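What follows is a set of notes on a single structure, which appears directly below.
Treat the numbers as computed from the prediction; the structure is a model and nothing was measured.
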Amino acid sequence: MKTRLEKLLAALPAMELESDACEAVAASTRALLGDDALLTMAKDYYDRMFAPGAPYCRDIMQWSEPQADAVMGENMLFTVLLFARAAALVEEGKYTYGDNRPVDFYFTVRRLLRGNCRRWDSFGMVSSSRQGLYRFLLPVQFHLGRLVFEMQSFGFGYEVWRSRKTGETLPLMKEGLIFDAEDHPHTVGDFTTTRTVADGKLTGYTYTEKGLLDRNPVTLDLDEWEPFIVEGDPVVWLHIPGNDKFTPDVVDQALEYGKEFLARYFPEYNYKAFVCSSWLLGTDLAQFMRPEANILKFQSRFRIGLGFRNDFSLFDNVFDVPKHCPIEELVPTNRFQREILEMVKAGGTLYSGRGYFLKD
């Protein structure tokens, strides 16, 4: 552990952190190096997170160590350990993609630390910032071109069924999903989905082209149709960080990067589809967007079913404000922001669309 931390100190200039962040991480690292009891604690946490074969630590957001906080600063133990892992991955030369360009772990460190500081006014990484960086450093998430690719299991409100004859796929909803009078998913509503099996046929519910509830039941012949992607199956999740250029060309390039990267480094990962859960797949956005909009072109790649209400994306993504505030305080600077804000003020809602498209 001591050697890892010493290498982190040497690597900090290459991370290109802002000066106050660099100084804070360096000071906390030196404090850790000077305390044998904390070094033992740090090794235990590091091994729990990153030792070969270690289980994915889903509770990492809740970890806290007051003893370390008193010496290093609040939550700085976890910042230092995550940064030490980033330095180790770069030293090992992991990984490359597209013309052998290196995966930029330090870019991800800077991006997520900056977001943590904006939200929490702290260099100590907490909550989703800590969890997010951890995923990049396991690593199960990779920033390749314009997209982030995550190796993670499938889990939506539907399963994907496929016809053995035609290859056609259909999202078939689980039982017990509730929809309101406008056919949006809700916690209360006038419609609850069901499934029945009789005489070799399965009857259930799917989505319209707009991702809304289709109240007309569908019946699948079980001699023809089979479950193709179900909860827990390996898939590749797509994430869209930042607000950079988002044309179909850059998305196509990123998808090629992702396919080649996963085939090269993780050939045993037998995924069938790319999936995404994002406000960018909210089909209600189409009501005020031009048909040629890049967001709608991205949506067209997917078969979408609307998921949960996504009020937080108004702040986190559309307006990119570090802390949530009354919507009356949001000031639009472009037409897109203005029209989404008008929709929300009029009682409209942002939803996360949950979509998939097959790998091949």
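Across all non-hydrogen atoms, the minimal contact from A84 to L5 is CB-CD2, 4.4 Å. Considering every non-hydrogen atom in both C117 and S122, the closest pair reads SG-O, 3.4 Å. In terms of heavy-atom proximity, S352 sits nearest to N310 at OG-ND2, 2.6 Å. When all heavy atoms are compared, the tightest approach of S127 to W120 is CB-CZ2, 3.8 Å. The two residues Q287 and D284 make their nearest non-hydrogen contact at NE2-O, 2.8 Å. For I295 against F336, the heavy-atom pair with the smallest separation is CD1-CZ, 3.9 Å.
Checked by atom type and distance alone, the side chain of D180 pairs as donor or acceptor with a backbone atom of E182 at under 3.5 Å. Here the side chain of Q299 pairs a donor or acceptor atom with the backbone of L280 at under 3.5 angstrom. A donor-acceptor pair is defined here as one N or O able to donate and one able to accept, closer than 3.5 Å; no such pair exists between the side chain of R146 and the backbone of V251. Side chain of Y56 to backbone of L138: no donor-acceptor contact under 3.5 angstrom is found. With hydrogens and angles disregarded, no donor-acceptor distance shorter than 3.5 Å links the side chain of D214 to the backbone of Y205. Here the side chain of E159 pairs no donor or acceptor atom with the backbone of L172 at under 3.5 angstrom. One N or O on the side chain of T193 and one on the backbone of L177 form a donor-acceptor pair closer than 3.5 Å. In this structure, T203 contributes its side chain and T219 its backbone to no donor-acceptor pair below 3.5 Å. The closest donor-acceptor contact from the side chain of R301 to the backbone of P248 lies under 3.5 Å. Remark: side-chain polar atoms of D47 are not paired, donor with acceptor, to backbone N or O of D44 under 3.5 angstrom.
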task = Determine, step by step, whether Y106 and M15 satisfy the side chain to side chain contact (heavy atoms under 4.5 Å, CB included) criterion, reporting the C-alpha distance in whole Å, the side-chain angles of both residues, the deciding distance to 0.1 Å, and the verdict.
result = CA-CA 5 Å; Y106 291 167; M15 292 188 182; 3.7 Å; yes
request  = Please assess D104 against R111 for the test salt bridge (charged side-chain N to carboxylate O under 4.0 Å, His left out), listing each intermediate value before the final yes or no.
outcome  = CA-CA 11 Å; D104 195 345; R111 179 172 67 85; over 6 Å; no
Test side chain to side chain contact (heavy atoms under 4.5 Å, CB included) applied to L330 and V344, step by step = CA-CA 12 Å; L330 295 173; V344 173; over 6 Å; no
message = Evaluate L341 against R338 for side chain to side chain contact (heavy atoms under 4.5 Å, CB included), listing each step before the verdict.
response = CA-CA 5 Å; L341 189 59; R338 182 177 68 255; 5.9 Å; no
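Each of F105, F266, F136, F149 was scored for a ring pair (Phe, Tyr, Trp, His ring centres under 6.0 Å) with F142, with one residue passing: F266.
Within the structure, the salt bridge (Lys or Arg N to Asp or Glu O under 4.0 Å) test picks out no pair touching residues 49-71 (sequence neighbours left out). Contacts classified as ring-ring contact (aromatic ring centres under 6.0 Å, His included) and involving residues 278-309 (residues at least two apart or in different chains) are given here: F246-F298, F298-F302, F302-F357.
Taking the six-membered ring where the residue is Trp, the centroids of F156 and W237 are separated by under 6.0 Å.
Scored by the side chain to side chain donor-acceptor pair (under 3.5 Å) test, K94 finds no partners at all (sequence neighbours excluded). Taking R30 as the reference, nothing meets the side chain to side chain donor-acceptor pair (under 3.5 Å) condition, with sequence neighbours excluded. In this structure S163 satisfies the side chain to side chain donor-acceptor pair (under 3.5 Å) test together with T166, E224, sequence neighbours excluded. In terms of the side chain to side chain donor-acceptor pair (under 3.5 Å) criterion, residue partners of T96 (sequence neighbours excluded) are, by chain and number, N100, R264, Y265.
A donor-acceptor contact closer than 3.5 angstrom links the side chains of Y257 and R101. No side-chain N or O of Y134 forms a donor-acceptor pair with one of R85 less than 3.5 Å apart.
Figure legend: cation-pi geometry between R48 and W63, with NZ or CZ positioned under 6.0 Å from the six-membered ring centre and within 45° of its axis.
Under the 4.5 Å side-chain heavy-atom criterion for Ile, Leu, Val, Met, Phe, Trp and Tyr, Y356 and I304 are members of distinct hydrophobic clusters. Neither V25 nor V126 shares a network with the other; the hydrophobic side chains, linked directly or stepwise wherever heavy atoms of I, L, V, M, F, W or Y lie under 4.5 Å apart, form separate groups for each.
Between I240 and C276 the shortest side-chain heavy-atom distance falls below 4.5 Å.
With salt bridges taken as basic N to acidic carboxylate O contacts below 4.0 Å, one links R309 and D311. Salt bridge status for E226 with R162: present, with a side-chain N to carboxylate O gap under 4.0 Å.
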